[in-house]
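Structure record follows, encoded as structure tokens.
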Amino acid sequence: MAPPFPAIVFDLDGTLTSPGTTRPAPGVVALVQTLHARGVPLALATSAGTAAARRVLDDLGLLGCFGSVAGRGVDGVLAGKDAVVGEALLGLGITDAAPGSVLVGDSPADVEAAVAHGLVPVGVAWGGGSPEALRAAGARVVLEHPDELWSVEAS
Ligand SMILES: [Mg+2]
């Protein structure tokens, strides 16, 4: 059976973790594990340092689920979210995302980066951004719970 999504890029803070913490947001660990088990290529795009992001994923037991982790480089320079998402996709070997590929994030900047890369912009309501701001930035849907991702239409 084909994976349910061609690829998914996740934001870290406020999306996989509760805002400002390294604790997992409720339901996200199970979601990521299920997506991985079903063969969906997963990438992380964060404004945190790449090494720190890898440690957080490892603490969550999810590092092995991600084929690509992109963040602030060792030089400390933070590219815009748009560039980080591009790097995250390249880490999966993707230069041109297939239709139905998704970005999940909690900030308008995540949504804007998704649009720039042709990804379906999916907002989350448990992070730092308001659902209204996410929709205004172009989010197709704002999830109240991670399991709602399964009802996002692929196209
Ligand atoms: Mg975030």
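These numbers come from the heavy atoms of this one structure, side chains and all, not from hydrogens, waters or symmetry mates. Every number for a ligand or one of its atoms is a count from 1 in the order of the listing.
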Inset, instruction - Applying side-chain contact (heavy atoms from CB on, under 4.5 Å), run through Asp11 and Leu16 and close with a yes or a no. - result: CA-CA 7 Å; Asp11 170 57; Leu16 296 182; over 6 Å; no

Inset, instruction - Using atom types as modelled and distance alone, determine if a side-chain donor or acceptor of Thr50 lies under 3.5 Å from a backbone N or O of Gly71. - result: yes

Inset, instruction - Return yes when at least one N/O/S atom of Asp13 is nearer than 2.8 Å to the Mg ion (ligand 1), and no when none is. - result: yes

Inset, instruction - Please find the N/O/S atom of Asp11 nearest to the Mg ion (ligand 1) and write down its name. - result: OD2

Inset, instruction - Output the atom name for the N/O/S atom of Asp106 with the smallest distance to the Mg ion (ligand 1). - result: OD1

Inset, instruction - Evaluate the ring planes of Phe10 and Phe66, with Trp represented by its six-membered ring, and classify them as parallel (under 30°), tilted (30 to 60°) or perpendicular (over 60°). - result: perpendicular

Legend entry - Heavy-atom side-chain proximity of Pro121 to Leu103 below 4.5 angstrom: no

